[in-house]
2 protein chains.
Amino acid sequence: MKRAKTKIFHDFIAERGLKSTRQRDIILEAFLVSDRHLSIEELYLHLRAAHPTIGYVTVYRTLKLFAESGIAREFQFGDGQTRYEHVAEGEHHDHLVCVRCGAISEFSNAAMEAIQDEIAAAQGFIIQHHKMELYGLCSACQR
Amino acid sequence: MKRAKTKIFHDFIAERGLKSTRQRDIILEAFLVSDRHLSIEELYLHLRAAHPTIGYVTVYRTLKLFAESGIAREFQFGDGQTRYEHVAEGEHHDHLVCVRCGAISEFSNAAMEAIQDEIAAAQGFIIQHHKMELYGLCSACQR
DNA sequence: CTTTATAGTGAAATTCAATTTCAAAATGAG
DNA sequence: CTCATTTTGAAATTGAATTTCACTATAAAG
Ligand SMILES: [Mn+2]
Ligand SMILES: [Mn+2]
Ligand SMILES: [Zn+2]
Ligand SMILES: [Zn+2]
């Protein structure tokens with residue numbers, strides 16, 4: 001799946017007449033290897049260890065491109081930082097966010113998505129995307 | 001219900017040893033009379049017409065107090081502004097947000113809330129609050 | 001009706017992540 | 001290789017949220 005996302009992004013770059021650069025490849029690799037919901041700052045700091053010359057702005061712009069190309073989703077979990085995760089085509093899940101430790105876990109529920117469609121249909125509304133997040137205490141933080 | 005919220009807020013003010021001020025009463029009245037999802041800026045500009053001396057910061061701080069007292073909820077619908085709406089005790093609803101005209105409509109669905117509880121229970125997660133928003137085109141914007 | 005301690009107000013300053021600007025560097029088509 | 005175009009990264013800017021601070025208002029006490 002990492003290979004698939006890499007291809008999707010490279011195709012996107014080609015289609016748009018953009019250029020393939022060393023920085024984009026490095027950022028893409030680091031992003032795909034992570035299984036976290038990374039903020040720009042976090043990914044930038046992580047990269048800086050091995051690649052001190054890559055700038056914050058390049059990480060920022062590249063994550064935006066990932067989202068545009070379809071290999072990433074952008075989130076606001078309310079901690080003041082925009083976060084990104086890589087997702088496979090057609091895949092979808094929502095999140096549980098621990099308000100104490102910040103841990104983020106995932107779930108996917110067909111019944112819930114079906115209800116959303118019903119609600120929208122009832123109001124003649126066409127859904128483009130949605131936000132479904134449960135905030136509270138993860139099991140580890142309940143002690 | 002406007003009376004009820006006014007009382008709740010005044011009780012809150014009293015309990016916390018805060019003071020009753022002309023500004024807070026004016027802001028409360030304007031807030032309760034509206035049925036919109038107001039940003040700080042919007043409420044501030046609206047108030048300024050009749051009360052030019054009330055400052056933005058006071059509106060900001062007062063809306064925060066409303067939220068703390070339980071008569072208001074705070075939202076981020078992704079347009080870069082924090083929004084507030086007044087809600088009755090125990091009442092709950094979620095939102096449909098039109099990405100074109102910004103219209104916000106509401107819904108409430110017991111089955112959906114029940115599924116949320118199941119999902120959290122399955123992961124041993126304790127929900128404190130949630131975010132459920134459907135983004136897309138309202139019926140008026142589909143032409 | 002004072003006095004007085006405490007809270008509130010509003011303008012201005014600050015914060016901070018996001019975004020834009022710009023001059024220099026890199027890419028890749030021809 | 002050449003050259004038009006894109007990319008990069010540092011620095012500057014933006015904009016909403018938040019804090020600071022000197023002054024004012026509130027209300028409890030006398
Ligand atoms: Mn996720
Ligand atoms: Mn609402
Ligand atoms: Zn936790
Ligand atoms: Zn609309």
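In what follows, chains are A, B, ... by sequence order, proteins preceding strands, each numbered from 1.
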Return the value, rounded to whole Å, for the distance between atom [atom1] of [X] and atom [atom2] of [N].
X: A:Gln76; N: C:dC16; atom1: CD; atom2: P; result: 17 Å
X: B:Glu74; N: D:dA17; atom1: CD; atom2: C1'; result: 10 Å
X: B:Leu65; N: D:dT18; atom1: CG; atom2: C1'; result: 14 Å
X: A:Gln81; N: C:dC16; atom1: CD; atom2: C1'; result: 10 Å
X: B:Ile40; N: D:dG15; atom1: CD1; atom2: P; result: 16 Å
X: A:Arg61; N: C:dC22; atom1: CZ; atom2: P; result: 14 Å
X: B:Lys64; N: C:dA7; atom1: NZ; atom2: C1'; result: 19 Å
X: A:Leu43; N: C:dA18; atom1: CG; atom2: P; result: 13 Å

Among the candidates D:dT18, C:dG10, D:dA11, find the nucleotide nearest to the side-chain atoms of B:Thr58.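 The closest nucleotide is C:dG10.
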Look only at the side chain of A:His37 and the backbone of A:Arg83, and say whether a donor-acceptor pair between them is shorter than 3.5 Å. no
Between B:Glu74 and B:Thr82, is there a donor-acceptor pair closer than 3.5 Å when you use the side chain of the first and the backbone of the second?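 Such a contact is absent between B:Glu74 side chain and B:Thr82 backbone.
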Using a cut-off of strictly less than 4.0 Å, decide whether [X] has a side-chain nitrogen or oxygen near OP1 or OP2 of [N].
X: A:Tyr60; N: C:dT19; result: yes
X: B:Thr82; N: D:dA17; result: yes
X: A:Tyr56; N: D:dT8; result: no

Report the relative orientation of the aromatic rings in B:His95 and B:His93; use parallel for angles under 30°, tilted for 30 to 60°, perpendicular for over 60°. perpendicular
Parallel, tilted or perpendicular: which fits the ring planes of A:Phe66 and A:Phe31, with parallel below 30° and perpendicular above 60°? parallel
When you compare the side chains of A:Gln123 and B:Ser105, does any donor N or O come within less than 3.5 Å of an acceptor on the partner? yes
So, B:His130 and B:His92: side-chain donor and acceptor under 3.5 Å apart, yes or no?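 B:His92 and B:His130 do have a side-chain donor-acceptor pair below 3.5 Å.
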Run through B:Arg61, B:Arg73, B:Arg16 and flag the one making a salt bridge (charged side-chain N to carboxylate O under 4.0 Å, His left out) with B:Glu68. B:Arg16
Contact class for B:Glu41 vs. all strands (heavy atom < 4.0 Å): base, sugar-phosphate, or nothing?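 Since no nucleic acid heavy atom lies under 4.0 Å of B:Glu41, the category is nothing.
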Looking for any heavy atom pair under 4.0 Å, which part of the strands does A:Ser39 touch: base, sugar-phosphate only, or nothing? nothing
For residues 9-36 of chain B, which residues have at least one heavy atom under 4.0 Å from DNA chain D?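 Output list: B:Lys19, B:Ser20.
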